[in-house]
Amino acid sequence: MSLKKPPATILYEDNHLLIVNKRVSQIVQGDQTGDESLDRLFKAFIKERDQKPGEVFLGIPHRLDRPVSGVVVFAKTSKALSRMAGLFKKKDVEKIYHAIVEKCPSPDEGVLEHYLTRNTKQNKSYVHDTEVAGSKYARLSYRKLASSDRYHLLEILLETGRHHQIRAQLAGIGSVIKGDRKYGARRSNPNGGISLHARRISFIHPVRKEPVEVQAPYPKMDIFPVFFRKGPPA
């Protein structure tokens with residue numbers, strides 16, 4: 001396999017890291033579907049672009065769900081991979097998401113704390129107000145950025161990284177993400193994804209020790225731009 005163009009927009013790249021804007025429906029790593037994954041496609045692209053004779057290393061310190069778009073970080077060396085994994089584990093990476101929801105949370109700004117259990121057969125997480133057997137603590141903070149006639153735009157700071165955490169927690173308070181049929185949305189999105197976008201990520205570079213902040217443009221075929229017709233929120 002060889003690729004002349006990157007399979008997703010490259011937002012940042014150096015000798016240690018590759019940060020890209022994942023499109024809806026792309027998978028970060030190979031799964032049971034057998035569909036081509038971003039890591040494999042980018043390995044092929046880098047091998048072609050840089051004319052590398054051997055195997056290209058590309059590690060995965062974190063992931064995004066298939067229907068979610070936005071920032072994904074890959075590591076181009078084993079040292080960068082182990083250090084980035086450590087940053088994610090220690091919560092030294094700030095992850096900001098934007099979500100379009102059908103019902104605005106009340107109040108407009110707050111913190112959600114739940115315990116999540118995961119059903120692997122359903123590929124779904126369930127929200128509990130108190131700790132139950134097999135559950136994991138989940139916390140995020142949110143604030144409303146804007147509203148339209150039918151939807152609301154939220155900014156979310158993800159403080160723990162649980163399976164389907166944002167999707168499950170927002171649905172748990174009645175604020176289902178647009179297009180997320182699995183968690184109760186009324187209809188699917190035209191692009192087959194959900195209106196959850198990994199908007200921005202920031203951290204201290206694991207090798208260079210310099211601040212890195214990357215923002216991903218919104219996906220096409222979604223209504224994110226509707227909220228900014230009068231200018232972006234403060």
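- Residues Val101 and Leu170 are in side-chain contact: their nearest non-hydrogen atoms beyond the backbone lie under 4.5 Å apart.
- Annotation: side chain of Glu159 is in contact with side chain of Leu157 (closest heavy-atom distance under 4.5 Å).
- Listed by chain and number, the residues in a side-chain hydrogen bond (donor to acceptor under 3.5 Å, both in side chains) with Asp39 are Ser37 (sequence neighbours excluded).
- Closest heavy-atom contact between Ala185 and Val176: N-CG1, 3.3 Å.
- Closest non-hydrogen pair, Leu196 versus Ala99, comes out as CD1-CB, 3.8 Å.
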- Is there a side-chain contact (heavy atoms from CB on, under 4.5 Å) between Leu18 and Phe45 once you walk through the steps? CA-CA 12 Å; Leu18 172 69; Phe45 168 74; over 6 Å; no

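- With values rounded to the nearest 0.5 angstrom, Ser135 atom OG is found 15.0 Å from Tyr126 atom OH.
- In terms of heavy atoms, Ala168 sits closest to Ser125 at CB-O, 3.9 Å.
- When hydrophobic clusters are built by joining Ile, Leu, Val, Met, Phe, Trp and Tyr residues whose side-chain heavy atoms come closer than 4.5 Å, directly or via intermediates, Ile27 is not grouped with Val72.
- Phe57 belongs to a hydrophobic cluster with Leu81, counting contacts under 4.5 Å between side-chain heavy atoms of Ile, Leu, Val, Met, Phe, Trp and Tyr, direct or through other members.
- Rounding to the nearest 0.5 angstrom, the gap separating the CD atom in Gln29 from the CG atom in Leu64 is 13.0 Å.
- Listed by chain and number, the residues in a salt bridge (charged side-chain N to carboxylate O under 4.0 Å, His left out) with Lys76 are Glu13 (sequence neighbours excluded).
- Closest non-hydrogen pair, Val207 versus Arg83, comes out as CA-NH1, 3.9 Å.
- With sequence neighbours excluded, no residue forms a salt bridge (charged side-chain N to carboxylate O under 4.0 Å, His left out) with Arg199.
- Of all the heavy atoms in Pro206 and Ala80, the pair that sits closest is CG-O, 4.4 Å.
- Under the 4.5 Å side-chain heavy-atom criterion for ILVMFWY residues, a single connected hydrophobic cluster contains both Leu158 and Ile177.
- A continuous path of Ile, Leu, Val, Met, Phe, Trp and Tyr side chains, each step under 4.5 Å between heavy atoms, connects Leu58 with Leu38, placing both in one hydrophobic cluster.
- Between the side chain of Asn119 and the backbone N or O of Gln122, at least one donor-acceptor pair lies under 3.5 Å.
- Arg162 places a side-chain N or O within donor-acceptor distance of the main-chain N or O of Tyr137, the cut-off being under 3.5 Å.
- The ring-ring contact (aromatic ring centres under 6.0 Å, His included) analysis of residues 7-43, with sequence neighbours excluded, yields the pairs His16-His205.
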- Stepwise side-chain contact (heavy atoms from CB on, under 4.5 Å) check, Ile19 with Phe74: CA-CA 6 Å; Ile19 306 179; Phe74 292 105; over 6 Å; no

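- The closest donor-acceptor contact from the side chain of His197 to the backbone of Ala216 lies under 3.5 Å.
- Expressed to the nearest 0.5 Å, how far CZ of Phe203 lies from CD1 of Ile201 amounts to 6.0 Å.
- Applying the salt bridge (charged side-chain N to carboxylate O under 4.0 Å, His left out) test to Arg181 and every residue at least two apart in sequence or in another chain returns nothing.
- With sequence neighbours left out, the side-chain hydrogen bond (donor to acceptor under 3.5 Å, both in side chains) criterion links His152 to Ser147.
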Going by atom type alone, with no hydrogens or angles, which donor-acceptor pairs under 3.5 Å involve a side-chain atom of residues 86-98 and a protein atom two or more places apart or on another chain?
{"residue": "His98", "atom": "ND1", "partner": "Tyr218", "partner atom": "OH", "Å": "2.6"}
{"residue": "His98", "atom": "NE2", "partner": "Glu155", "partner atom": "OE2", "Å": "3.1"}

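- Residues Ile223 and Ile100 are in side-chain contact: their nearest non-hydrogen atoms beyond the backbone lie under 4.5 Å apart.
- Within the model, atoms CG of Leu154 and SG of Cys104 stand 6.0 Å from one another, a figure rounded to the nearest 0.5 Å.
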- Item | Criterion side-chain hydrogen bond (donor to acceptor under 3.5 Å, both in side chains) on Glu102 and Ser175, from CA distance to verdict | CA-CA 6 Å; Glu102 299 177 358; Ser175 298; over 6 Å; no

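- Checked against Glu48 for a salt bridge (charged side-chain N to carboxylate O under 4.0 Å, His left out), the options Lys43, Lys5, Lys4 give a single hit: Lys4.
- The shortest distance between side-chain heavy atoms of Phe224 and Pro219 falls below 4.5 Å.
- Looking at heavy atoms from C-beta onward, Val127 lies in side-chain contact with Leu116 at the 4.5 angstrom threshold.
- A salt bridge (Lys or Arg N to Asp or Glu O under 4.0 Å) check over residues 112-137, counting only residues at least two apart or in different chains, returns the pairs Glu113-Arg139.
- The shortest distance between side-chain heavy atoms of Ser202 and Val212 does not fall below 4.5 Å.
- Pairs engaging residues 164-194 under the ring-ring contact (aromatic ring centres under 6.0 Å, His included) rule: His164-Tyr183 [sequence neighbours left out].
- Using a distance-only test at 3.5 Å, with no hydrogens or angles considered, a donor-acceptor pair links the side chain of Lys47 to the main chain of Lys52.
- Counting heavy atoms from C-beta on, the side chains of Val71 and Asn21 never come closer than 4.5 Å.
- Residues Arg200 and Val214 are not in side-chain contact: their nearest non-hydrogen atoms beyond the backbone lie 4.5 Å or more apart.
- Here OG1 of Thr130 is found 8.0 Å from OH of Tyr115. Values are rounded to the nearest 0.5 Å.
- Heavy atoms only, all atoms of each residue included: Gln169 and Ala138 are closest at NE2-O, 3.5 Å.
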- Query: Stepwise, does the side-chain contact (heavy atoms from CB on, under 4.5 Å) test hold for Asp65 with Ile194?
  - Reply: CA-CA 10 Å; Asp65 296 339; Ile194 65 175; over 6 Å; no

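- Note: Arg208 CZ to Leu17 CG = 8.5 Å, rounded to the nearest 0.5 Å.
- For Asp222, the salt bridge (charged side-chain N to carboxylate O under 4.0 Å, His left out) criterion is met by Lys178, not counting sequence neighbours.
- For Asn15, the side chain to side chain contact (heavy atoms under 4.5 Å, CB included) test picks out no residue, with sequence neighbours left out.
- Between the side chain of Arg66 and the backbone N or O of Gln26 there is no donor-acceptor pair closer than 3.5 Å.
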- Message: For a side-chain contact (heavy atoms from CB on, under 4.5 Å) check, start with the C-alpha distance between Glu210 and Ile204, then their side-chain angles and the critical distance, and finish with the verdict.
- Response: CA-CA 5 Å; Glu210 300 169 347; Ile204 300 299; over 6 Å; no

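- Note on Val24 and Val68: separate hydrophobic clusters, where clusters join Ile, Leu, Val, Met, Phe, Trp and Tyr whose side-chain heavy atoms are under 4.5 Å apart, directly or indirectly.
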